[in-house]
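What follows is one structure encoded as structure tokens, with my remarks underneath.
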Amino acid sequence: MTELKTQIIEYLSGLAAFEATKIVASYPEKQRAFPLGEPVITVEAGGVELVSAGLGGYLGGSSPLYGASAVISLRLGIFCPTALECSKLFERLCNALFDFSRLSLQKITCERPQYDAKTAAFILEASAEIKSAWVVPSQEERLFNEICLKETKL
């Protein structure tokens, strides 16, 4: 999950649409500016749901892949000086995440922006679901890895 969050943060940080936006993995209350100067987007882990594949975990592929399909949930926080700015930033975030070729984004939703007196800013909470897979090594790969590991011990 950490690698996925890092890839998303790096991707968004490199886009012109977010050049005036701070994008971070977390935004603890103690680190929040008062009043908020620049918009901030947080990318946090929400959870992972594994759904077993049929046919003994067969996922497909030219070389057979086995495992389970996975749905990765992310929590996204958008902090802005105005509610309208939060909504506009959410729209840009949706476009950017759907355009990110490494993601298989399935769904992104948000709540209404809420005013936060602690930061004198609005917070829009959003969530995203990404389709992925958890792949189990094949019997041949496990055997090969076991042989390699035994060889390195000698």
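If you're wondering where the values come from, they're calculated on a predicted model, not measured in any experiment.
- In terms of hydrophobic clustering, with Ile, Leu, Val, Met, Phe, Trp and Tyr side chains grouped at heavy-atom distances under 4.5 Å, V43 and V71 are assigned to different clusters.
- The closest side-chain heavy-atom distance from L84 to F122 is not below 4.5 Å.
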*Check the pair T109, S127 against side-chain contact (heavy atoms from CB on, under 4.5 Å), reporting the backbone distance first and the verdict last.*
CA-CA 5 Å; T109 60; S127 62; 3.1 Å; yes
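- In this structure, CD on E10 lies 7.5 Å from CD on Q7, to the nearest 0.5 angstrom.
- In terms of heavy atoms, P113 sits closest to L124 at CG-CD1, 3.8 Å.
- With rounding to the nearest 0.5 angstrom, the CG atom of L74 is 9.0 Å from the CD1 atom of I108.
- Pairing each heavy atom of P39 with each of E85, the nearest pair is CG-OE2, 3.2 Å.
- Cluster annotation: F98 and I41 are assigned to the same hydrophobic cluster (Ile/Leu/Val/Met/Phe/Trp/Tyr, side-chain heavy-atom contacts under 4.5 Å, transitive).
- The structure places CD1 of I72 at 6.0 Å from CD1 of I130, a figure rounded to the nearest 0.5 Å.
- Classification of the F100-Y11 ring pair by plane angle, with boundaries at 30° and 60°, yields parallel.
- Surrounding CD of E125 are at most 12 heavy atoms belonging to other residues, nucleotides or ligands under 6.0 Å away.
- Taking CG of L12 as the reference point, atom CD1 of I23 lies at 4.5 Å (rounded to 0.5 Å).
- Side-chain contact between V40 and T21: absent, with no pair of heavy atoms (C-beta onward) separated by less than 4.5 Å.
- L15 and A96 make their closest contact through CD1-CB, 3.6 Å (heavy atoms, listed as atom of the first residue, atom of the second, distance).
- Taking CG of L93 as the start and CD1 of I78 as the end, the distance is 5.0 Å to the nearest 0.5 Å.
- Nearest heavy-atom pair, E44 versus A25, reported as atom, atom and distance to 0.1 Å: CG-O, 3.2 Å.
- In plain terms, the two heavy atoms of T42 and S26 that are nearest each other are CG2-C, 4.1 Å.
- In plain terms, the two heavy atoms of A120 and F34 that are nearest each other are CB-CE1, 3.6 Å.
- Heavy-atom contacts from other residues, nucleotides or ligands closer than 6.0 Å to NZ of K5 number more than 12.
- In this structure, CG on L76 lies 9.0 Å from SG on C94, to the nearest 0.5 angstrom.
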